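Take a look at the structure below.
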Amino acid sequence: MISIPKGTKDILPDQSFKWQFVESIARKITRLYNLKEIRTPIFEHTELFERSVGETTDIVNKEMYTFLDKGGRSITLKPEGTAGVARAFIESLSNSTLPVKMYYITPAFRYERPQAGRLRQFHQFGVEVFGAAGAEMDAEVITLAKDFLEAVGMNSLKLEINSIGSGEARKNYNKILKEYLTQNADKLCPVCQTRIEKNPLRVLDCKLASCKSVLADAPKTIDYLSEEDKAHFERLKSILDDNNIKYTVNPYLVRGLDYYTKTVFEFIPQTVNSAQETICGGGRYDNLIESLGGKPTPAVGFGLGLERLLLAIENAGINIEDANKLETFVAYADAELVDEAIKLVGELRKAGISADYDQTGRSLKAQLKYADKQGAQFCVTIGGDELKSGVYPIKNMRNGNTLQVARQNIIETILKELK
RNA sequence: GUGGGUAUAGCUCAGUUGGUUAGAGCGCCAGGUUGUGGCCCUGGAGGUCAAGAGUUCGAGACUCUUUACUCACCCCA
């Protein structure tokens, strides 16, 4: 038997309604915020990710699905959503009226050891906004994420924000942090010791108590911001305050991708304690477009992991209704009556009512059982007597009540009952 | 890449110090009066006990190897 590849999952028919639910909310909320969808290819030139995500990151170093195509080009399956959108912006949208506001729902691929909330093919809902430098847009993006999360039922999320600065100030901070960490290297865990050279910001994120105590006295990003960056961060906080959006400033919050500047943020469910707790992470990346060869263009966005979101929804005990239940099942008591069932089902469908009948020749009892399993709301039964009298029983499967309805009034009756 | 756990029916799992023909619940199919679902009862289909080797008179069980899955670390969504 051929089985599913490691780190992938089928979204089976009895689960897909959950995905449709969160996706429909994503489309609804983005529309409220005046964002339009963008769909970029599943694969891009490898170089795009090397230059945007960052050559020092684990994602680029060891987690990309990279291969040579038949033309000898190095191709990579997208490991995240931002790079492709940035490329498309530079290539096709840089002469548009700014700001350009977009969202995407896309699979992404990382070659990692799978675990709860982490797959090799996973799915992201993301937002990218180009061409607005002010903190108003940071607030817009954060608020959109929050509205989305609340609309899917995640009401008790923690929002953490921080600013990691930009330009010279950021470089300067990196240097100072590195010096501090080097001086205290002997007190850090082995993993953090290797991080000092590779990616010192990441040390701030370490969960070990021993490292945390070293970090308590470490220089903090927000103390090394330029005046402009500081004003930007203050403005963001005041907008959030004014709009009653609760947040905590986490001076140790950093992001793993190289392209972030200034504002960074995460949404974390309060119910879980796993390391995969962050379901939404984002921030500003003012240098990305320029570093990819475009005109200097400020940008801000977020990525949200749909698998993690659905896990969090489940953990929070939130129940998602299956919106795709069958509306009407047409049962027939006798094999000769199947033709009338086919006809009636066809009429129901033309009237916009989802309808089905048994195509496998089962007994009436089995047909009813099947209708029940499909979650059918109504069941019309055809028998010899009905054919003669022209009056059919419409059974409401929720409460068991049956209406006797003349053949020509069936559609009208069901449409009325469905409301 | 590192460390733990698991592998028996479609699913969740039992299976005694190694001992006849491999077990349950759920699910699936059928029946329980000829035309009415859910609850209940009865029956049926469905397993190379992950694979390979070893120990033994005898292995689902014990040993080794491999593989797969899973959880955690790293990293990230």
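In this text the structure is predicted, and so the values were computed from the model without any measurement. Here is the naming used below: chain letters follow the sequence lines, and residue numbers restart at 1 for every chain.
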Can you check the distance between [N] and [M], where both ends of the measurement are the [atom1] atom (answer in whole Å)?
N: B:C13; M: B:U8; atom1: C1'; result: 9 Å
N: B:A14; M: B:A50; atom1: P; result: 14 Å
N: B:G32; M: B:A7; atom1: C1'; result: 40 Å
N: B:G35; M: B:U42; atom1: C1'; result: 22 Å
N: B:U67; M: B:G31; atom1: C1'; result: 44 Å
N: B:C29; M: B:U66; atom1: P; result: 43 Å
N: B:G52; M: B:C73; atom1: P; result: 36 Å
N: B:A59; M: B:A53; atom1: P; result: 13 Å

Of all the choices, [options], which nucleotide is nearest to the side chain of [X] once you look at every atom?
X: A:R255; options: B:G35, B:U70, B:A77; value: B:A77
X: A:R110; options: B:A77, B:U70, B:G37; value: B:A77
X: A:L364; options: B:U2, B:C76, B:G35; value: B:G35
X: A:S363; options: B:U2, B:G31, B:C76; value: B:G31
X: A:P393; options: B:A77, B:U36, B:G1; value: B:U36
X: A:D372; options: B:A77, B:G38, B:U2; value: B:G38
X: A:T278; options: B:G35, B:A77, B:C71; value: B:A77
X: A:K373; options: B:C76, B:A72, B:C28; value: B:C28
X: A:R362; options: B:A77, B:G35, B:C29; value: B:C29

If you count the non-hydrogen atoms of other residues, nucleotides and ligands that lie under 6.0 Å from [atom1] in [X], is the total more than 12?
X: A:E37; atom1: CD; answer: yes
X: A:Y33; atom1: OH; answer: yes
X: A:R349; atom1: CZ; answer: yes
X: A:E321; atom1: CD; answer: no
X: A:Y65; atom1: OH; answer: yes

For atom [atom1] of [X] and atom [atom2] of [N], their distance in whole Å:
X: A:D14; N: B:G10; atom1: CG; atom2: C1'; value: 13 Å
X: A:I382; N: B:G35; atom1: CD1; atom2: P; value: 15 Å
X: A:E307; N: B:U70; atom1: CD; atom2: P; value: 13 Å
X: A:I4; N: B:A50; atom1: CD1; atom2: P; value: 22 Å
X: A:Y260; N: B:C76; atom1: OH; atom2: C1'; value: 10 Å
X: A:R118; N: B:C69; atom1: CZ; atom2: C1'; value: 16 Å
X: A:K365; N: B:G31; atom1: NZ; atom2: P; value: 8 Å
X: A:K78; N: B:A77; atom1: NZ; atom2: C1'; value: 14 Å

Can you tell me if [X] touches the phosphate of [N], counting only side-chain N or O atoms and a distance under 4.0 Å to OP1 or OP2?
X: A:K6; N: B:C69; answer: yes
X: A:Q367; N: B:U36; answer: no
X: A:Q115; N: B:C71; answer: no

Check the orientation of A:Y224 and A:Y173. Use parallel for under 30°, tilted for 30 to 60°, and perpendicular for over 60°.
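Judged by the thresholds at 30° and 60°, the geometry between A:Y224 and A:Y173 is tilted.
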
Between A:E266 and A:T278, is there a side-chain donor-acceptor contact under 3.5 Å, judged purely by atom types and distance?
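There is such a pair (donor and acceptor under 3.5 Å, judged by atom type) between the side chains of A:T278 and A:E266.
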
Both A:N401 and A:Q124 contact RNA chain B. Taking the nearest nucleotide for each, which residue is further toward the 5' end?
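So the residue in question is A:N401.
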
Can you name the residues that form a side-chain contact (heavy atoms from CB on, under 4.5 Å) with A:T360, not counting sequence neighbours?
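Applying side-chain contact (heavy atoms from CB on, under 4.5 Å) to A:T360 gives A:D358, A:R362.
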
Under 4.0 angstrom, heavy atoms only, what part of the nucleic acid is [X] near: base, sugar-phosphate, or nothing?
X: A:G400; value: base
X: A:G383; value: base
X: A:G126; value: nothing
X: A:D385; value: base

Reading RNA chain B 5' to 3', how would its secondary structure be written in dot-bracket notation, given Watson-Crick and G-U pairs with both distances under 3.5 Å, brackets [ ] for crossing pairs and | for partners on other strands?
(((((((..((((.....[...)))).(((((.......))))).....(((((..]....))))))))))))....

Could you tell me whether A:F148 and A:F125 have their ring centroids closer than 6.0 angstrom?
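Aromatic pair counts; centres sit under 6.0 Å.
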
Within 45 degrees of the ring normal and closer than 6.0 Å to the centroid, is that where the cationic atom of A:R120 sits relative to A:Y111?
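Yes; both conditions hold, so A:R120 lies above the ring face of A:Y111.
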
